[in-house]
Amino acid sequence: MRHIMNALDLSVEELDKLIHLAEQIMETPEKYTECCKGKKLATCFYEPSTRTRLSFEAAMLNLGGSVLGFSSADSSSASKGESVADTIRVISSYADICAMRHPKEGAPLVASMYSSIPVINAGDGGHNHPTQTLTDLLTIKNLKGHFDHLKIGFCGDLKFGRTVHSLIDAMVRYPGVEFVLISPPELKIPDYLRKETLDENHIPYQEVSDLDAVIGDLDILYMTRVQRERFFNEEDYIRLKDSFILDTSKMKLAKEDMLVLHPLPRVNEISTEVDNDPRAVYFKQAQYGVYIRMALILTLLQIKI
């Protein structure tokens, strides 16, 4: 039995196999419609989610399985004080696999220590969001054709954005990758990520606060929202939330084959007028999330076809 807490839990070889399986599912989805017949996925979401929870549920239903779970802590026994460890012990007797989102870093890891079924971290605080990273990687691989020798810009909230942290960790394993980190000074990437991931691996990167100045050099622009729920001070949030907005004028400065990714939900950091640009692939990216989660469920349940 295996759990997925971090995208780095998968080796490059395992990741390649997972992405290949997801691409096979994309090409011939009808072959996989009954692979999980009789299997149950528990979605234990202690904080709100739309895409992640529903894409997990869609993935399991597409595989012929069924779903049970809760969508907020208030609708679970956590509201009565039940521990994550006790909850997963009970759920292990109801389901075959579990996807857990929790506002506290490390909660899904604690659950995995007490679980008798595979646990997938569906996001823990500002820490990790491995299935979003897998979604991002499938999007890049499918639309760019490769991971190596790409210049990737991350724009917006780089301090609290767990999707940014996870994708940087995953991409440094490929040769020739460079990063451009675009944010206000208050929202720069954490020091540990800069030192332990970028500096120690000798990854080229630059930190800037002007999107216009660098967008023309990028192969991929990964936009993020400034997350109100990660701020301790409402005034800081209001002051920074409109710092970086991608619109058609900025897109004119970009390469013809640059891709715009976004983990969603979007607030106002990408103007809706950008949606019609073929380089804007964030809604396609959300669809890829279903395929990679289907592949991950099959892999963790050791179901082969």
Side-chain angles (χ1 to χ4, degrees), residues 133 136-137 139-140 143-144 146-172 174-228 230-231 236-283 285:
T133 302
D136 300 338
L137 291 172
T139 305
I140 293 169
L143 298 179
K144 279 293 185 185
H146 59 94
F147 294 124
D148 58 311
H149 298 92
L150 292 172
K151 180 171 279 194
I152 304 173
F154 292 94
C155 182
D157 178 3
L158 310 189
K159 182 177 182 180
F160 298 103
R162 60 190 169 197
T163 60
V164 170
H165 305 167
S166 293
L167 186 54
I168 288 175
D169 278 336
M171 289 299 298
V172 298
Y174 298 96
V177 172
E178 299 179 46
F179 298 117
V180 181
L181 307 172
I182 311 151
S183 73
E186 296 91 337
L187 294 177
K188 286 185 175 182
I189 63 167
D191 286 340
Y192 79 86
L193 191 65
R194 185 183 298 104
K195 294 174 183 176
E196 298 174 14
T197 300
L198 299 177
D199 293 339
E200 285 192 12
N201 289 289
H202 307 290
I203 305 298
Y205 70 93
Q206 55 180 309
E207 294 183 275
V208 301
S209 57
D210 185 357
L211 176 58
D212 289 22
V214 296
I215 192 171
D217 300 326
L218 303 177
D219 299 303
I220 294 169
L221 174 60
Y222 195 100
M223 295 293 297
T224 66
R225 69 188 173 95
V226 176
Q227 302 178 72
R228 171 179 270 146
R230 305 299 178 201
F231 272 82
D236 285 346
Y237 168 74
I238 292 171
R239 179 170 55 85
L240 294 171
K241 68 183 179 68
D242 296 329
S243 297
F244 300 92
I245 297 176
L246 183 65
D247 55 23
T248 53
S249 65
K250 287 183 173 65
M251 290 297 290
K252 289 177 182 177
L253 304 173
K255 294 179 182 179
E256 290 186 3
D257 63 346
M258 184 193 76
L259 300 179
V260 180
L261 277 66
H262 192 305
L264 302 177
R266 165 179 61 182
V267 183
N268 66 341
E269 62 277 5
I270 300 178
S271 171
T272 55
E273 63 191 15
V274 175
D275 295 352
N276 294 324
D277 192 308
R279 295 170 291 181
V281 298
Y282 29 87
F283 291 117
Q285 180 184 356

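Count residues from 1 along the sequence.
Proximity of a side-chain donor or acceptor of Asp212 to a complementary backbone N or O of Ile215 within less than 3.5 Å is not detected. Put simply, the side chain of Lys188 never gets that close to the backbone of Leu181: no donor and acceptor are under 3.5 Å apart. Panel note: side chain Glu207, backbone Tyr205; no donor-acceptor pair is recorded below 3.5 Å. One N or O on the side chain of Gln285 and one on the backbone of His262 form a donor-acceptor pair closer than 3.5 Å. Side chain of Thr197 to main chain of Asp169: no donor-acceptor pair is present (N/O by atom type, distance under 3.5 Å, no hydrogens or angles).
Residues Gln206 and Glu178 fail the side-chain proximity criterion, which asks for heavy atoms closer than 4.5 Å. At a threshold of 4.5 Å between non-hydrogen side-chain atoms, the residues Asn268 and Ile245 count as touching. Within the 4.5 Å cutoff, the side chain of Val208 has heavy atoms near those of the Ile182 side chain. Residues Pro190 and His165 have side chains in contact (heavy-atom distance under 4.5 Å, counting atoms from C-beta outward). Within the 4.5 Å cutoff, the side chain of Thr248 has no heavy atoms near those of the Asp277 side chain. Contact check for Leu246 versus Leu221: side-chain heavy atoms found under the 4.5 Å cut-off.
Note on Asp199 versus Arg194: no salt bridge recorded, every NZ/NE/NH1/NH2 to OD/OE distance being 4.0 Å or above.
Each of Asp275, Thr224, Thr272 was compared with Arg266 under the side chain to side chain donor-acceptor pair (under 3.5 Å) criterion, and only Asp275 meets it. Partner of Asp219 under the side chain to side chain donor-acceptor pair (under 3.5 Å) criterion, chosen from Lys144, Lys255, Lys151, His149: Lys255.
Annotation: ring pair (Phe, Tyr, Trp, His ring centres under 6.0 Å) contacts of Tyr174 (sequence neighbours excluded): Phe147.
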